[in-house]
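Input: a single structure, listed below in structure tokens.
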Amino acid sequence: VKKACLIALCCVAFLYIVYLLYGANFSVVKTETVTLSSAANSIYADGYIVRNETLITNDTNGVVSYEYDGNRKVAAGGIIAKVYAGEQDANNHKQMDRIQEQIEIFQKLNKSAKRETTSLDSVKNQITSQIMNINKNIVSGNFLSLVGNEESLIYSLNESKLIVGEVKNYNTKIAALQKEYNNLKGTTGDAIAEIKSPVSGYFTTATDGYEKKYNYKKATSTTLEQANKELKYEPDKVADNVIGKVISDLNWYIVCPIKADESLAINKNLDSSQIKVNMPYVSTQSVPVKISAMNQESKTSDGALVLQCNYQSTVLASVRQEQLKIDIQTFEGLKISKSALHEDTVTRTVTDGNGNEKEESRKVKGVYVVSGNVMQFKEVVILYSDDDYIICKQTPEDGELFGSSTVKLYDRVVIGGTDLYDGKSVRI
């Protein structure tokens, strides 16, 4: 027993000595993995949207049934809606339109089967891509695109049945749909009126009473005084016979008062194509815009910022006065915690005009990267910095680095440790 205890004590002593020796040669550090990210210099403001809008009215008694779910591009003279004597007629015509669309899809699938030009692998890839698009739109909250995603997926699934021989054709399905269509048509009255658009543009059923409040033609010349006044406008009452509006002209404007210090950042980026507007209470997606006007008495005074956009959607067509986050300049690159940033001396060898080599040294900003059990100092080119993290260039241009080594994607950088230096042995 005494012998066993003595052996155990010796083992413990030996392990303790190994631990001390290991700890003396290796410092413990904390690391994180470098990732790709983006950041922006932003300003926040209250703004309102100015569009060229024409209200659409209906004075025929009956049930209004919108074409294409009520939101789409229309041509001047194009049909926006139809009026039916009763709700049943309106619902039946909607159902008939859907049946006709299905018939056309199955007819297209039959023609595709006769050509035999589509491979099973191609359809499988389409199905995978469509499922990924559905997941992406669900995660991003872009639910308006799900209808189109679903239709594309169903088409591809039906096409795959033809290719693998599960069905020969869709003649039986077409015949059943045609019978259903004919039955509905025999019991449904025609429309008693058609509502057409007087102008071309984007039709939406959303109205808010601000359609006649702002002067679209003078939007770009809005002064600070006007902007503050118009931002407080109350909406008019929307008439009972209004069924929607058409937004004409490709461009629409966002007007917002901004402070003098914010105008300085704006004036530096007047020609920037990277400006984006976020409306946090409306959508998670940002909207690309460009600066149309920065109206102020002097370059250092408060002013009225006018942003121009030509992007349109059902959601954007329904917004008016919103809290805005305006990204003046966006930076994309490698995201690293601020605690990883240090200064160290980098030495390089240069050749003078006479062909003689010499060494130059300079203190530069960088991070310590762990490779194996050794730290290596790598220089960084900082694009953006805040209190918590920095965004660095992934591929610096010639002349931006003093040395030759810079941080890379997925590097493990040190964010915690003491007595850090290039070449030091460490353990994580």
Side-chain angles (χ1 to χ4, degrees), residues 38 40-55 71-74 137 140-145 199-224 226-228 230-231 233 235 244-258 262-263 265-296 303-332:
S38 63
N41 286 332
S42 306
I43 65 173
Y44 297 83
D46 292 326
Y48 59 93
I49 292 172
V50 181
R51 313 180 189 92
N52 188 5
E53 299 165 311
T54 301
L55 291 173
N71 296 281
R72 66 178 180 112
K73 291 181 179 179
V74 294
N137 286 325
S140 64
N142 188 17
F143 300 115
L144 294 172
S145 298
V199 294
S200 62
Y202 183 90
F203 174 75
T204 175
T205 57
T207 57
D208 55 18
Y210 287 97
E211 285 78 15
K212 297 181 180 179
K213 285 289 188 178
Y214 312 113
N215 190 330
Y216 176 80
K217 293 182 179 179
K218 295 183 178 180
T220 56
S221 60
T222 304
T223 64
L224 176 61
Q226 283 178 289
N228 283 322
E230 293 178 353
L231 193 58
Y233 277 171
K245 65 188 176 189
V246 174
I247 302 171
S248 303
D249 291 290
L250 183 64
N251 297 317
W252 49 275
Y253 301 98
I254 303 173
V255 181
C256 54
I258 61 171
E262 296 169 337
S263 71
I266 295 291
N267 286 320
K268 289 180 181 179
N269 293 274
L270 286 176
D271 298 322
S272 175
S273 59
Q274 299 182 3
I275 297 176
K276 296 179 180 179
V277 168
N278 299 276
M279 303 178 193
Y281 297 104
V282 175
S283 172
T284 58
Q285 295 180 321
S286 59
V287 181
V289 298
K290 73 175 185 178
I291 298 172
S292 182
M294 178 66 242
N295 301 321
Q296 54 191 147
L305 172 65
V306 184
L307 300 171
Q308 177 183 305
C309 183
N310 56 21
Y311 181 77
Q312 192 59 269
S313 70
T314 303
V315 173
L316 289 175
S318 65
V319 299
R320 184 68 70 179
Q321 295 183 355
E322 296 296 332
Q323 292 184 348
L324 311 172
K325 175 178 174 284
I326 306 170
D327 296 337
I328 302 302
Q329 193 172 10
T330 302
F331 305 94
E332 295 182 351

Enter the distance from [X]:[atom1] to [Y]:[atom2] here, rounded to the nearest 0.5 Å.
{"X": "D249", "Y": "N310", "atom1": "CG", "atom2": "CG", "value": "11.5 Å"}
{"X": "Y216", "Y": "R51", "atom1": "OH", "atom2": "CZ", "value": "11.0 Å"}
{"X": "I275", "Y": "Q308", "atom1": "CD1", "atom2": "CD", "value": "12.0 Å"}
{"X": "I247", "Y": "K73", "atom1": "CD1", "atom2": "NZ", "value": "12.0 Å"}
{"X": "K217", "Y": "N52", "atom1": "NZ", "atom2": "CG", "value": "8.0 Å"}

- Task: For N215 and Q226, run side-chain contact (heavy atoms from CB on, under 4.5 Å): C-alpha distance rounded to whole Å, both residues' side-chain angles, the deciding distance at 0.1 Å, then the answer.
- Result: CA-CA 11 Å; N215 190 330; Q226 283 178 289; over 6 Å; no
Would you say the side chain of [Y] lies within less than 4.5 Å of the side chain of [X], judging by non-hydrogen atoms?
{"X": "M279", "Y": "I49", "answer": "yes"}
{"X": "I326", "Y": "I254", "answer": "no"}
{"X": "L231", "Y": "P257", "answer": "yes"}
{"X": "N41", "Y": "F331", "answer": "yes"}
{"X": "I258", "Y": "M294", "answer": "yes"}
{"X": "T204", "Y": "K245", "answer": "yes"}
{"X": "S42", "Y": "N278", "answer": "no"}
{"X": "I43", "Y": "I266", "answer": "yes"}

Non-hydrogen atoms of [X] and [Y] that approach each other most closely:
{"X": "T330", "Y": "D327", "result": "OG1-CB, 4.1 Å"}
{"X": "A304", "Y": "T222", "result": "CB-O, 3.5 Å"}
{"X": "V255", "Y": "A219", "result": "CG2-O, 4.5 Å"}
{"X": "G303", "Y": "Q296", "result": "CA-CB, 3.8 Å"}
{"X": "G47", "Y": "C256", "result": "CA-CB, 3.7 Å"}

- Does the side-chain contact (heavy atoms from CB on, under 4.5 Å) test come out yes or no for L55 and K212, once each step is laid out? CA-CA 9 Å; L55 291 173; K212 297 181 180 179; 4.1 Å; yes
- Item | Non-neighbouring partners of Q323 that pass side chain to side chain contact (heavy atoms under 4.5 Å, CB included), sequence neighbours left out | D46, Y281
- Message: If the condition is side chain to side chain contact (heavy atoms under 4.5 Å, CB included), which residues does K213 pass it with, not counting sequence neighbours?
- Response: Y210, Y233, D236
- Looking at Y48, W252, Y253, which hits ring-ring contact (aromatic ring centres under 6.0 Å, His included) with Y214? Y48
- Task: Give a yes or no on whether the backbone of T220 and the side-chain of N295 come within a donor-acceptor separation of less than 3.5 Å.
- Result: yes
- Message: salt bridge (charged side-chain N to carboxylate O under 4.0 Å, His left out) for E230 and K218? Distances and angles first, verdict last.
- Response: CA-CA 13 Å; E230 293 178 353; K218 295 183 178 180; over 6 Å; no
- Task: Take atom CD of E332 as the centre, draw a 6.0 Å sphere, and report whether it contains more than 12 heavy atoms from other residues, nucleotides or ligands.
- Result: no
- Intermediate values then yes/no, side-chain contact (heavy atoms from CB on, under 4.5 Å), L307 and I291: CA-CA 5 Å; L307 300 171; I291 298 172; 3.9 Å; yes
- Task: Say whether Y202 and S313, considering side chains only, have a donor N or O and an acceptor N or O under 3.5 Å apart.
- Result: no
